[in-house]
Structures are given as structure tokens and as C-alpha cells.
Amino acid sequence: MKQYADDIEAENKENTEKKASGNALDESKITSDSEKKSGDSNESIKRNDSDTDSKKIDTDSEEIDLKKEEISEKPIYAEDNLELHGLSRKERKKVKRERYKKTTEDMNRKEKINYFFYYFKVPILVGLAVIVGLTFITISIYKNTRPVAISFALLNSPSVEYLTKDDFKDYMDYYDMPSSYRIIDFYSNKCDLDIYEDYYSKNPNDAVYAQFPSLCYNDYFDIIISNKTGIEYCGKMSLIIPLEDSLDLSMSKYINENCPERIIEVNNVNDEPVAYAIDISGTEFAESLGLDYDDVYIALPGQSARNIANSKRILNYIFDAGLID
């Protein structure tokens, strides 16, 4: 009986050991399979990384090749200037010309034209700028050096349209002046002593107060055409010169002998009456101007040779004095 119990216990112990050994084998197998799968996964990742790196290298290689092609295909305007730096000017021109011919030899006509303008755009633009500048300077010089038919300032006629060369056409025809002669003009409707102080205090930079006096002092105008209000303003401001100092002697003699009533006196800066103007009211010339006042006067602001010659010329025309052939 005891022997039987011992046999059963031994058998149970053997079975337990087998189960334990089996479980250990299973766990070892599972671990081995897991490690195998992990190894396969790592190997796959490494293979993918390797493929990616290989593709990246290929891409980089292709980009480098493309850049090399771009560099080799750059036109001659992109050549490194250092390459030609050591050559003489004549040699540089020769090299550039050869490169230009080589670059354009396979182009069609349209491509050659486009390439020409693109390659030479800087010299072309510089050349055009020089031409435009020289043309502008030439025209300016021509305009400013042409003879002056008459230089005048028209005062206190706010509603009249600006006078043009057509308004002086008969005058220019009278002396056979060509159309190239210049007409210089200036306009103001603010030459009035009654409004001067108030207006000037508010508008000190107005042209009539800033520019007009300077032009008068520098013999810019041959004559000033105005009503008596404007003449009084100019006399008080010393913008015009007494007739005895500015009028041609032969014209002064003619007026004193033939129409002394046309000599007009206004006060100077010292409130002394001075003969400053000539009344041309009612003359054909005054009527042709279409001014909006009836009392039309001419005063003389300059003493240069041109001022005296042109003032004599216009007065000779107005009065048909016959002093100039």
C-alpha cells in the first residue's frame, strides 16, 4: 500500500516537471519569435532608411547635375568678369564678340533679336538716356536763346484769357518777325494798393509779391500792360522806371511832341508824382487785346538794351510813329 502511494507521488512529480519544462520551452519559443519579428522589423526599417538615403543621394546628384547644366548654359552676359579682367579693352571686346556669336549661332532670327536686346539692354538704356538728355538740353537752349518779340506783364485783368502769339501777330507781321520769335508773359490780378497790405499779410509767397518784383528788377519785362490801378501799385512799389530814364530818346521826343496828354503821372514811393506810363487807351492794339478795362497803360520796368529796343518797337507799332523802318 505504501509502495503504491510512493509510485503515484513520483508520477505526479514527473508530470509537474514535464509541464514546467514545456512552459519554459513555449516561453522561449515566444521570446525567440518576438525577437525574430523585432529583428525583421528593424531590418525592414534599416532597409527603408537605406532606400530613402539612396533616393536622397540620387535626388541631390540630379540637382547638382541640373545646376551644372544651368551653369554651362548661362549666356555670355553672366560670365565672370574676373576672367576678362586681365585682358586689354580690345581683347575683351574680341572675346565677348566671339562668345556672343557662339551663343547665338543656333538661334533663330526672333531669338537673336530678343537676345540682342536683353544682352545689350544696359548700353541701350544708357544710350537712350543720353539722347533724351541731350535732346532736352538742346531744345531748352534753343527756346531760351531765340530772339524775344516782346516780354510783357499783364496786370489786373482777371477775366481775360491768357494772351497768345496770335494777339501779337499783327505786331510781329509789322516787323516781319518769324514765328520762332518768343513771346514772354506774366499775369496777375492782385496789383492794387487797396488790397495789398491785407492780401500780402496772408499770402506773402504769392508770385506777384515774391517773383514779380524780382523779375522787374532784373529787366525781365520790356513792358507792363495795366489799368491805372496797376500802374499806381507799380509806381509806389518802385517796380517801374520813370519814362525819362527808360524810354528811347526818339520815342520820348515823338510822344512829347505829338501826344503829350498820353503821358501819365502816378506817385512814387515818396508820394511824389512821376511820369511813369503812356496811355494807349482807344488804340487799335489796345482794343485787339480784349481787356476788361478801358483805361490801358504801358509802363517800362527795364533798362537793358533789349528792353529799350522792344519798348520802342511796340510803341512805334501802336502809334505808327514811323521811327523804325
Side-chain angles (χ1 to χ4, degrees), residues 150-163 167 184-248 251-252 254-256 258-283 285-304 307-308 310-312 314-315 318-319:
I150 194 70
S151 174
F152 69 91
L154 177 63
L155 308 180
N156 296 340
S157 185
S159 62
V160 71
E161 295 181 359
Y162 284 175
L163 303 182
D167 295 291
I184 301 174
D185 52 24
F186 180 90
Y187 303 90
S188 174
N189 61 355
K190 307 180 187 73
C191 295
D192 188 334
L193 291 173
D194 292 336
I195 67 170
Y196 164 68
E197 290 187 3
D198 180 61
Y199 192 89
Y200 175 72
S201 64
K202 297 176 182 176
N203 305 276
N205 294 322
D206 192 293
V208 72
Y209 303 126
Q211 182 183 9
F212 182 56
S214 176
L215 295 175
C216 290
Y217 298 148
N218 287 282
D219 298 337
Y220 186 77
F221 302 113
D222 300 323
I223 60 173
I224 289 177
I225 303 173
S226 179
N227 58 0
K228 193 169 184 180
T229 300
I231 299 299
E232 290 173 340
Y233 171 85
C234 290
K236 195 72 172 177
M237 297 297 170
S238 300
L239 303 181
I240 50 180
I241 300 169
L243 294 178
E244 64 178 4
D245 298 325
S246 59
L247 194 61
D248 174 78
M251 181 56 66
S252 177
Y254 173 86
I255 292 176
N256 278 289
N258 294 276
C259 49
E261 72 280 0
R262 288 187 177 273
I263 298 176
I264 304 300
E265 293 183 348
V266 294
N267 291 341
N268 63 10
V269 67
N270 298 317
D271 286 330
E272 300 170 343
V274 177
Y276 272 125
I278 299 170
D279 184 359
I280 63 169
S281 303
T283 63
F285 173 73
E287 296 294 331
S288 70
L289 298 180
L291 305 178
D292 51 0
Y293 43 71
D294 297 326
D295 54 331
V296 184
Y297 302 91
I298 282 182
L300 309 178
Q303 290 182 297
S304 71
N307 298 149
I308 294 173
N310 281 349
S311 62
K312 178 182 179 180
I314 191 85
L315 289 170
I318 293 171
F319 295 114

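Rounding to the nearest 0.5 Å places CD1 of Ile318 at 5.5 Å from OG1 of Thr283. Rounding to the nearest 0.5 Å gives a distance of 11.0 Å between CG of Asn310 and CG of Leu300. Rounding to the nearest 0.5 angstrom, the gap separating the CG atom in Asp245 from the CD1 atom in Ile240 is 12.0 Å. Going from atom CG of Asp198 over to atom CG of Asn203 covers 9.0 Å, rounded to the nearest 0.5 Å. Here Tyr276 contributes atom OH and Asn267 contributes atom CG; the two are 9.0 Å apart, rounded to the nearest 0.5 Å. Taking CG of Asn268 as the start and SG of Cys234 as the end, the distance is 13.5 Å to the nearest 0.5 Å.
A pairwise comparison of heavy atoms in Leu239 and Tyr217 identifies CD2-OH, 3.5 Å as the closest pair. The two residues Lys312 and Met251 come nearest to each other via the heavy atoms O-CE, 3.6 Å. Closest approach of Gln303 to Ile241, counting heavy atoms only: CG-CD1, 3.2 Å. Contact record, Cys216 with Ile224: SG-CD1, 4.2 Å, taken as the closest heavy-atom pair. Of all heavy-atom pairs spanning Phe319 and Asp279, the tightest one is CZ-O, 4.1 Å. Shortest non-hydrogen contact noted between Tyr293 and Val296 is O-CG2, 3.9 Å.
The closest donor-acceptor contact from the side chain of Ser214 to the backbone of Gln211 lies at 3.5 Å or more, if one exists at all. Of the possible donor and acceptor atoms, none in the side chain of Thr229 sits under 3.5 Å from a partner among the backbone N and O of Asp192. The backbone N or O of Pro242 sits less than 3.5 Å from a side-chain atom of Ser246, completing a donor-acceptor pair. Side-chain atoms of Asp222 come within 3.5 Å of backbone N or O of Ser151 as a donor-acceptor pair.
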Show your reasoning for whether side-chain contact (heavy atoms from CB on, under 4.5 Å) applies to Tyr209 and Tyr199.
-> CA-CA 10 Å; Tyr209 303 126; Tyr199 192 89; 3.3 Å; yes
Might you work through the side-chain contact (heavy atoms from CB on, under 4.5 Å) test for Leu315 and Ile278, ending with a clear yes or no?
-> CA-CA 9 Å; Leu315 289 170; Ile278 299 170; 3.7 Å; yes
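Counted within 6.0 Å of OH on Tyr200, heavy atoms from surrounding residues, nucleotides or ligands total 12 or fewer; the atom is thus considered open. The number of heavy-atom neighbours closer than 6.0 Å to CD of Glu261, taken from other residues, nucleotides and ligands shown, is above 12. The neighbour count for Asp294 CG, taken as heavy atoms of other residues, nucleotides or ligands under 6.0 Å away, does not exceed 12.
Side-chain contact between Ile298 and Phe152: absent, with no pair of heavy atoms (C-beta onward) separated by less than 4.5 Å. The closest side-chain heavy-atom distance from Tyr162 to Leu154 is not below 4.5 Å.
Between Phe186 and Phe212, the ring planes lie parallel to each other; the angle is under 30°, not in the 30° to 60° tilted range.
In the model, Tyr233 has no side-chain atom that pairs as donor or acceptor with a side-chain atom of Asn156 under 3.5 Å. Remark: the Ser157 side chain and the Asp292 side chain contain an N/O donor-acceptor pair separated by less than 3.5 Å.
Among the candidates Leu243, Ile263, Leu247, the single residue satisfying the side-chain contact (heavy atoms from CB on, under 4.5 Å) test with Asn256 is Ile263.
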